[in-house]
Amino acid sequence: MMNRLDTVKRGEAVARPASIAVNDLTVTYPNGFTAVRDASFELGPGSICALVGVNGSGKSTVFKAIMGFVTPTAGQVRLCGLPVEKAISQNIVAYVPQSEDVDWNFPVLVEDVVMMGRYGHMNFLRIPSKKDRLKVDEALERVNMSAYRKRQIGELSGGQKKRVFLARALAQEGRIILLDEPFTGIDVTTETAIINLLRDLREAGHLMLVSTHNLGSVPDFCDQVVLLNRTVLAAGPTASTFTQENLERTFGGVLRNFELGGHALHEDDDARRINVITDDERPLVFYGVKSRKKKNAKKQDAKKKTAKNQDADQ
Amino acid sequence: MDPIGFFSEPFAYDFMQRALGMSLLVGAVCAVLSCYLVLKGWSLMGDAISHAVLPGIVIAFVLGIPLAVGAFAAGLACALLTGYLKYNSRVKEDTVMGIVFSGMFGFGLVLFTKVETDQHLNHILFGNVLGVTTADLIETAIIAGGTLLVVLAKRRDLLLYCFDPNHARAIGLPVNVLHYGLLVLLSLTIVSSIKAVGIILVIAMLIAPGATAYLLTDRFERMLLIAVLVACSASVLGTFISFHIDGATGACIVLVQAFFFLLVFLFSPKHGLLRLRELRDQPGMPAGTIPGPAEPLPALSGRTDGALQQVVDQGGRPADQHHAIEGRHGAE
């Protein structure tokens with residue numbers, strides 16, 4: 001009888017569309033520090049949202065509040081319409097940690113880590129069922145890591161490590177996935193692969209909240225953004241919210257802003273300028289450089305290494 | 001001495017049989033706990049709780065309650081007090097722990113000298129496995145057996161808690177229960193070991209087997225198994241050696257464990273010192289460290305003075321920087 005009731009409840013939760021509603025969230029830590037004050041934003045199913053802000057802007061506090069690690073001093077968080085505790089007990093929230101937060105020497109294999117995503121679905125002794133094994137196989141297949149399943153996690157490259165933890169989130173089948181700095185320390189191929197995977201999940205109705213420093217990739221794959229600086233400064237669709245003005249408000253003086261234009265950049269009279277905005281990654285910028293390529297590419301130039309400095313040759 | 005005699009001779013004595021049973025039990029339960037302590041970075045916690053047990057033993061004696069109960073209460077009090085002080089001050093956990101356990105140990109020593117007990121301080125500190133009675137053996141078997149059962153049943157949850165507490169919380173595991181549960185299990189393990197190896201030497205039993213196994217395998221279940229095997233072999237060898245050289249048994253067991261660790265540290269096939277040396281001297285990258293993708297070297301053309309400043313900021317005149325780049329990518 002109990003069991004049947006349980007199943008019905010679980011069924012209901014799965015049917016609920018993914019959503020995050022943060023209302024007037026204030027979090028004050030025991031030492032008196034208020035990390036976030038009166039933050040509000042709402043996100044619906046089938047969305048990838050970037051959580052953008054400087055270090056100390058409250059990104060991780062918002063994550064912690066969503067996962068129930070901190071209790072709001074005021075305001076509330078609801079996930080899929082449920083209070084956080086209830087949502088967590090129903091395995092709604094999956095979390096992909098930052099690489100620095102993981103002990104890579106831990107004696108666990110890739111498949112062990114992914115199986116950890118299934119613990120919430122298992123019995124008291126955590127003995128995997130056939131279904132659990134199947135979900136792990138599927139998740140590994142989906143991130144293209146099946147060949148590495150017997151490797152100890154420290155033997156992987158940065159990108160592979162990230163895929164393993166993504167697979168764990170997939171195996172968990174959470175409809176809300178939180179990703180903490182998923183693009184630090186990974187190669188471009190993995191970044192593209194992860195972004196493609198997130199897009200597929202978005203199609204399937206998942207809701208992903210991505211905290212990121214990587215401003216350049218935000219417009220590529222995030223349809224929503226939340227700009228944070230101890231409170232929510234702006235939240236909404238990327239096209240209308242991820243603007244230079246809002247970013248300047250979010251980052252204050254921390255942001256590096258390079259404006260490039262005129263004849264140094266191209267040989268026609270195009271008056272448009274290129275504006276490079278970055279936070280902690282310092283672009284190396286040369287003055288008065290002639291490119292080997294006739295047509296000067298835009299800011300991708302930052303990644304090309306073919307710059308030749310005439311001044312230096314003289 | 002013939003090898004059969006080495007093992008059979010001590011068995012002629014009842015007290016040696018009991019000593020062997022005791023050290024095997026204690027070795028096994030400490031070994032299992034040690035795997036978690038080593039992975040969680042809680043070695044000092046074992047140290048702290050075991051020292052803090054002393055005042056509990058003396059107070060239990062004064063009150064006339066079982067010494068194990070007093071010891072357990074004091075050990076747990078140390079763990080809780082450490083947590084409380086850390087949460088309410090800016091001082092780091094290991095510092096707080098150092099103060100709490102040394103304070104409690106000092107208090108225990110003072111109490112001990114003021115109270116007339118039938119206990120020998122040496123036996124509490126270093127154990128007296130040759131003097132255990134059958135009742136002691138049964139008591140230890142119950143505590144150690146219960147602890148082992150709980151740890152092994154919940155080994156996966158405890159491991160996940162050590163590995164990634166955030167994920168554990170996110171999937172709804174009761175992280176606080178796991179945290180304090182592990183502390184309770186640790187306290188119980190220490191209490192069950194006092195008669196055999198004492199509160200000082202138990203620390204070695206709570207670290208060495210796990211550390212040894214950690215250097216031998218990359219799978220947790222195997223690590224548990226290896227740790228227990230290592231600890232039990234050390235218990236047997238140490239007990240027999242102490243019989244033949246007429247030395248302190250607890251100390252002999254600990255010494256054998258340390259010797260095992262040293263062997264593995266040097267000769268472990270995958271993580272041993274010699275293997276690491278070998279890998280380092282090999283041309284090319286050592287196995288297990290897969291080189292990450294080379295960072296793309298950012299170069300951006302522009303005419304911003306701030307940008308020029310950037311180049312200078314990065315530790316050199318623009319010209320130097322430029323040559324460095326040319327050198328690095330000359331092959332292109």
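Reckoned from all heavy atoms, side chains included, excluding hydrogens, waters and symmetry mates.
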(request) Mind ranking A:Lys64, A:Arg126, A:Gln152 by heavy-atom pairs under 4.5 Å with chain B and telling me who comes out on top? (result) A:Arg126

(message) Counting C-beta onward and ignoring hydrogens, is there a side-chain heavy-atom pair between B:Asp164 and A:Pro97 closer than 4.5 Å?
(response) yes

(message) Check for me whether B:Arg156 meets the cation-pi criterion with A:Tyr119, that is, NZ or CZ under 6.0 Å from the six-membered ring centre and within 45 degrees of the ring axis.
(response) no

(request) Output the distance between atom CD1 (A:Ile153) and atom CG (B:Asp218), rounded to the nearest 0.5 Å. (result) 9.5 Å

(request) Using non-hydrogen atoms and a 4.5 Å limit, figure out which bit of A:Phe124 sits close to chain B: side chain, backbone, both or neither. (result) both

(message) Using heavy-atom distances under 4.5 Å, tell me whether A:Val84 contacts chain B through its side chain, its backbone, both, or neither.
(response) neither

(request) Say whether, by atom type as modelled, one donor and one acceptor occur between the side chain of B:His167 and the main chain of A:Tyr95 under 3.5 angstrom. (result) no

(request) In sequence, state the C-alpha distance, the side-chain angles, and the governing distance for A:Asp112 and B:Arg219, and then conclude on side-chain contact (heavy atoms from CB on, under 4.5 Å). (result) CA-CA 9 Å; A:Asp112 298 336; B:Arg219 305 207 65 167; 3.7 Å; yes

(request) Give, for atom CZ of A:Phe63 and atom CG of B:Asn166, the distance between the pair rounded to the nearest 0.5 Å. (result) 11.5 Å

(request) Please flag which part of A:Ile127 lies under 4.5 Å from any non-hydrogen atom of chain B: side chain, backbone, both or neither. (result) both

(message) Which one wins on heavy-atom pair count under 4.5 Å against chain B: A:Val102, A:Asn105, A:Asn31, A:Asp103?
(response) A:Asn105

(request) To the nearest 0.5 Å, tell me how far B:Ile171 CD1 sits from A:Ser89 OG. (result) 12.0 Å

(request) Look up atom CG in B:Leu159 and atom CZ in A:Phe106, then write down how far apart they are to the nearest 0.5 Å. (result) 4.5 Å

(message) Using 0.5 Å steps for rounding, measure from the CE atom of A:Met67 to the CZ atom of B:Arg169.
(response) 8.5 Å

(request) Give, as side chain, backbone, both or neither, the part of A:Val108 having an atom under 4.5 angstrom from any heavy atom of chain B. (result) both

(message) Taking atom NZ as the centre, does B:Lys40 end up with more than 12 heavy-atom neighbours from other residues, nucleotides or ligands that are less than 6.0 angstrom away?
(response) yes

